[in-house]
Amino acid sequence: FDLMRDFRVRKLTIPLELIPANILSDVERYVNKNVMDLSLRGHNNDEQLFNLILKIFPNIKRLHLEYLLDFSCTDLATLPHLESLEVDHFKIDCLQNIKINKLRSLKISTLYPFVCNDWEGITKVNCNIVEIMIREVSHFNTMTAIKNSITIMLHDLKQLKYLKVIQNDSVDCLKIDADIKNKRLLLSSYAMKMIKEMFTQKYEFNAINLIL
């Protein structure tokens, strides 16, 4: 941790199992204001350790979390510069009703357990999100859940400029690439049948094309 600070490291990936136990009692020594992009990988359900890591890197703008938690990530709200959050193999309960003031970009992959109404606990409190990307979320397997989820997102995210959803790589899968800012909409045939009208009623597009 001392070397990372001395060399002014800006981007950092940390395997959680390598975090030294002594930071629990010596956090102030390791505070690093240089790191802007932080990735935490591995399985660790130590809430105290997670919160202390966030205190070590108070200036991060981009955060990637790839592990399962069994507690709320409420300390994310204490990061004054956090603009981009990416979560993989994560539990939705960890993000519910946590307001991150500067959050603009949210990337989600394999987030569970999840039902369509769980989006409300994220989008209502983080309504300034302008970019959201989703991949392989289990509740997108039914037409009703897909429509309800997209309805919630489009309603809550008034400043949304880009939405991308890729459920899987099969021919009949759900694929959405909505570039609202540049008025371009790409949909798979499955999505074209289900939700094209939802987008066209709310936004103006110059081009609507089929994703093959």
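Note that the numbering runs from 1 along the sequence shown for the chain.
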Do [X] and [Y] belong to the same hydrophobic cluster, where Ile, Leu, Val, Met, Phe, Trp and Tyr are linked whenever their side-chain heavy atoms lie under 4.5 Å apart, directly or via other members?
X      : Y      : value
Val125 : Ile132 : no
Val27  : Val9   : yes
Phe205 : Val130 : no
Met36  : Phe57  : no
Met198 : Leu186 : no

Is the shortest side-chain heavy-atom distance between [X] and [Y] below 4.5 Å?
X      : Y      : result
Ile150 : Ile176 : yes
Pro80  : Asn101 : no
Asn209 : Leu185 : no
Ile92  : Ile122 : yes
Ile53  : Leu16  : yes

(request) Please work out which of the three classes, parallel, tilted or perpendicular, describes the rings of Tyr203 and Phe199, given edges at 30° and 60°. (result)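 Tilted, since the angle between the ring planes falls between 30° and 60°.
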(request) May I ask you to decide if the ring planes of Tyr67 and Phe50 are parallel, tilted or perpendicular, using 30° and 60° as cut-offs? (result)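 Tyr67 vs Phe50 ring planes: tilted.
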Atom [atom1] of [X] with >12 non-hydrogen neighbours under 6.0 angstrom:
X      : atom1 : result
Arg8   : CZ    : no
His81  : NE2   : yes
Lys193 : NZ    : no
Glu28  : CD    : no
Lys181 : NZ    : no

Donor-acceptor contact present, side-chain [X] to main-chain [Y], <3.5 Å:
X      : Y      : value
Ser188 : Lys175 : yes
Asn126 : Ile129 : no
Asn32  : Asn34  : yes
Lys183 : Ile180 : no
Gln96  : Asp118 : yes

[atom2] on [Y] to [atom1] on [X], rounded to 0.5 Å:
X     : Y      : atom1 : atom2 : result
Ile60 : Leu76  : CD1   : CG    : 8.0 Å
His64 : Leu12  : NE2   : CG    : 13.5 Å
Glu86 : Ser109 : CD    : OG    : 8.0 Å

For [X] and [Y], which heavy atoms make the closest approach, and how far apart are they?
X      : Y      : result
Ser189 : Leu210 : N-CD1, 3.3 Å
Phe90  : Cys73  : CZ-SG, 4.0 Å
Ser72  : Ile98  : OG-CD1, 3.5 Å
Lys147 : Thr151 : O-OG1, 2.7 Å

(request) Test side-chain contact (heavy atoms from CB on, under 4.5 Å) on Thr200 and Ile208 and set out the steps. (result) CA-CA 9 Å; Thr200 56; Ile208 301 176; 3.7 Å; yes
(request) Give me the other members of the hydrophobic cluster that Tyr162 sits in, counting Ile, Leu, Val, Met, Phe, Trp and Tyr linked by side-chain heavy atoms under 4.5 Å, directly or via other members. (result) Met133
(message) With salt bridge (charged side-chain N to carboxylate O under 4.0 Å, His left out) as the criterion, how do Lys55 and Asp75 come out once you've worked through the C-alpha distance, each side chain's angles and the decisive distance to 0.1 Å?
(response) CA-CA 9 Å; Lys55 288 181 171 62; Asp75 273 25; 3.4 Å; yes
(request) Start with the C-alpha gap between His155 and Ile152, add the side-chain angles, then the distance that decides, and say whether side-chain contact (heavy atoms from CB on, under 4.5 Å) holds. (result) CA-CA 5 Å; His155 177 268; Ile152 290 171; 5.9 Å; no
(request) Considering only NZ, NE, NH1 and NH2 on the basic side and carboxylate oxygens on the acidic side, decide whether Asp177 and Arg184 come within less than 4.0 Å. (result)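 Result for this pair is yes, salt bridge flagged.
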(message) Test: salt bridge (Lys or Arg N to Asp or Glu O under 4.0 Å). Region: residues 35-44. Which pairs qualify, not counting sequence neighbours?
(response) Asp37-Arg62, Arg41-Glu66
(message) With side chain to side chain contact (heavy atoms under 4.5 Å, CB included) as the test, pick out the partner of Leu82 among Ile100, Leu38, Asn59.
(response) Ile100
